[in-house]
Amino acid sequence: MLVLLISTIIMLFLLLSLTAATFITKYRRTAKDKERAEFRSFIQPKIVEGVLQPPAKLESLYPVPTKEWQWEVIEEILIDIAGRIKGEYLINVTTLAKKIGVVDRLLLGMKSRRSKVRGESAIKLGYLHVPEAVSALQRMAESKNKGDRIAGLIGLGSLATKEALGVLLSELSSPSRWLQVRLLHMVKNLGSDAIPSLIEALNGADIKVRIMAAEILGDLRAFEAIGPLEDALSSEDKDLRARCAAALGKIGDVRSAGKLEFLLEDKAWEVRAQAAKALGLIQHRPGAKRLANLLRDRSWWVRTNAAEALSQLGEVGFDALRKAVTGKDWFAREKAIEQLQKHGIAYTESDGTISNEL
């Protein structure tokens with residue numbers, strides 16, 4: 001009985017202790033959040049004011065941050081503003097970050113012994129578009145430490161400098177598909193600024209980088225890349241030929257139609273499939289007959305893309321699909337019916353029955 005009573009008392013004591021600890025922690029967190037919010041309300045208007053005019057005098061930003069979390073708040077505000085503006089005001093953000101001391105603090109953070117601090121500092125320098133950080137970020141991007149390397153690449157990805165872009169493109173051949181996807185996204189975000197370097201990469205020696213460059217140029221709809229992409233269609237690498245065909249389709253210049261039509265007879269089904277899709281995207285109606293021939297291709301993907309491409313050519317394409325329905329090739333008939341039904345187009349079956357009739 002006594003043992004049970006002692007156990008109960010101990011249990012109650014532990015429960016009360018835990019409850020008290022939880023309350024104290026919550027109270028401290030609430031107090032800290034409140035203090036943080038008050039500081040943000042005080043400092044944010046001053047930072048915005050500094051960004052909207054040449055930041056020559058920043059005395060209004062005093063008192064200088066004395067606590068770690070105050071620096072973090074200022075960094076958050078500057079990065080948030082940097083993500084919303086461009087041009088002269090973006091330069092002001094970078095200048096302001098230097099004058100306040102944020103840049104020096106982050107550059108020092110890149111030398112920290114703690115991997116997390118190094119990584120966060122590198123990424124923040126990129127977000128703040130600090131050109132002086134390129135060399136340090138390049139060194140980090142070449143690190144054997146995976147975390148440092150990725151942080152360095154992410155930091156570089158936010159900087160639209162030629163040096164930064166060169167490092168990103170060289171890493172596109174990484175065996176890590178996750179890293180490749182991340183790098184692709186970063187390079188695409190650089191937009192038209194990346195096009196000259198991407199064209200240079202397309203003409204380079206590394207086949208993986210050439211393939212990735214072709215994909216990005218297509219996504220960016222880079223008209224200035226049409227010539228280099230067409231030249232790369234003669235590559236011995238089927239994946240590069242296919243990616244260049246896809247890119248030309250996305251760019252959508254009808255003057256590429258002749259070279260794309262030639263690829264409809266390529267020995268690699270991947271290339272034929274992408275060429276067919278591209279011709280549909282640029283709505284090359286003169287190619288309807290050759291696309292119709294691909295409805296009998298031995299590759300399912302080629303037949304599918306050819307049928308979809310024909311459906312994008314308007315009446316001339318639908319006529320070709322209707323003819324395929326009454327033909328003898330079962331594969332061609334299957335794909336033709338699939339597209340005609342998808343678009344609600346009436347067609348005549350081989351037995352004379354009219355289907356999809358409105």
Side-chain angles (χ1 to χ4, degrees), residues 126 129 131 134 137-138 140-142 149-260 262-263 266 268-279 281-282 301 305:
H129 297 266
V134 171
L137 289 170
Q138 283 179 325
M140 182 172 275
E142 295 168 359
R149 185 162 161 262
I150 291 174
L153 290 169
I154 293 173
L156 286 169
S158 300
L159 293 166
T161 65
K162 186 175 181 181
E163 296 82 2
L165 185 58
V167 176
L168 291 176
L169 292 175
S170 68
E171 289 292 327
L172 284 175
S173 59
S174 167
S176 168
R177 182 56 185 166
W178 177 88
L179 184 56
Q180 282 184 349
V181 172
R182 191 75 184 265
L183 292 172
L184 281 171
H185 178 70
M186 288 189 285
V187 175
K188 287 175 186 176
N189 283 344
L190 297 178
S192 58
D193 292 332
I195 291 175
S197 295
L198 286 167
I199 292 175
E200 186 177 337
L202 177 65
N203 295 326
D206 191 315
I207 193 63
K208 287 185 179 180
V209 174
R210 295 181 71 190
I211 289 170
M212 295 293 182
E215 180 178 331
I216 300 171
L217 287 167
D219 290 339
L220 294 176
R221 291 179 171 80
F223 279 86
E224 53 267 64
I226 290 175
L229 286 168
E230 289 181 344
D231 291 341
L233 292 176
S234 59
S235 169
E236 294 182 0
D237 188 273
K238 66 178 182 180
D239 291 328
L240 179 59
R241 296 199 304 275
R243 206 67 65 94
C244 287
L248 289 168
K250 291 176 182 177
I251 294 171
D253 192 327
V254 71
R255 289 173 293 184
S256 299
K259 296 201 173 185
L260 289 169
F262 180 77
L263 293 181
D266 195 278
W269 68 264
E270 297 93 337
V271 179
R272 298 196 302 275
Q274 290 301 331
K277 184 176 182 178
L279 288 168
L281 289 173
I282 65 177
W301 276 113
N305 284 3

Do side-chain atoms of [X] reach the backbone of [Y] as a donor and acceptor pair under 3.5 angstrom?
X: N305; Y: A273; value: yes
X: R241; Y: S235; value: yes
X: S234; Y: D231; value: yes

Between [X] and [Y], what is the shortest heavy-atom contact and its length?
X: S256; Y: E230; answer: OG-OE2, 2.9 Å
X: A201; Y: A213; answer: CB-CB, 4.0 Å
X: R210; Y: A232; answer: NH2-CB, 4.3 Å
X: E270; Y: K238; answer: OE2-NZ, 3.2 Å
X: A214; Y: A247; answer: O-CB, 3.4 Å
X: A246; Y: Q274; answer: CB-OE1, 3.3 Å

Rounded to the nearest 0.5 Å, what's the gap from [atom1] on [X] to [atom2] on [Y]? Could you check?
X: L137; Y: L156; atom1: CG; atom2: CG; result: 5.0 Å
X: I211; Y: I207; atom1: CD1; atom2: CD1; result: 5.0 Å
X: E142; Y: R149; atom1: CD; atom2: CZ; result: 10.0 Å
X: D239; Y: K208; atom1: CG; atom2: NZ; result: 11.0 Å
X: L220; Y: I251; atom1: CG; atom2: CD1; result: 9.0 Å

- prompt: Does any non-hydrogen side-chain atom of I282 lie less than 4.5 Å from one of D253?
  reply: no
task: Taking the side chain as every heavy atom from C-beta outward, state whether I195 and L217 have any atom pair closer than 4.5 Å.
output: yes
task: Please step through side-chain contact (heavy atoms from CB on, under 4.5 Å) for the pair L240 and L202, ending with a clear verdict.
output: CA-CA 10 Å; L240 179 59; L202 177 65; 4.3 Å; yes
query: Of all residues at least two apart in sequence or in a different chain, which pass the side-chain hydrogen bond (donor to acceptor under 3.5 Å, both in side chains) check with R272?
result: D297
query: Residues two or more places apart in sequence or in another chain: which of them pass side-chain hydrogen bond (donor to acceptor under 3.5 Å, both in side chains) with K250?
result: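 side-chain hydrogen bond (donor to acceptor under 3.5 Å, both in side chains) list for K250, sorted by chain: D219.
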- prompt: Take atom CZ in F223; do more than 12 heavy atoms of anything else shown fall under 6.0 Å from it?
  reply: yes
query: Given K259, which of L248, I226, L233 fulfils the side-chain contact (heavy atoms from CB on, under 4.5 Å) condition?
result: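 When L248, I226, L233 are each tested with K259, the side-chain contact (heavy atoms from CB on, under 4.5 Å) holds only for L233.
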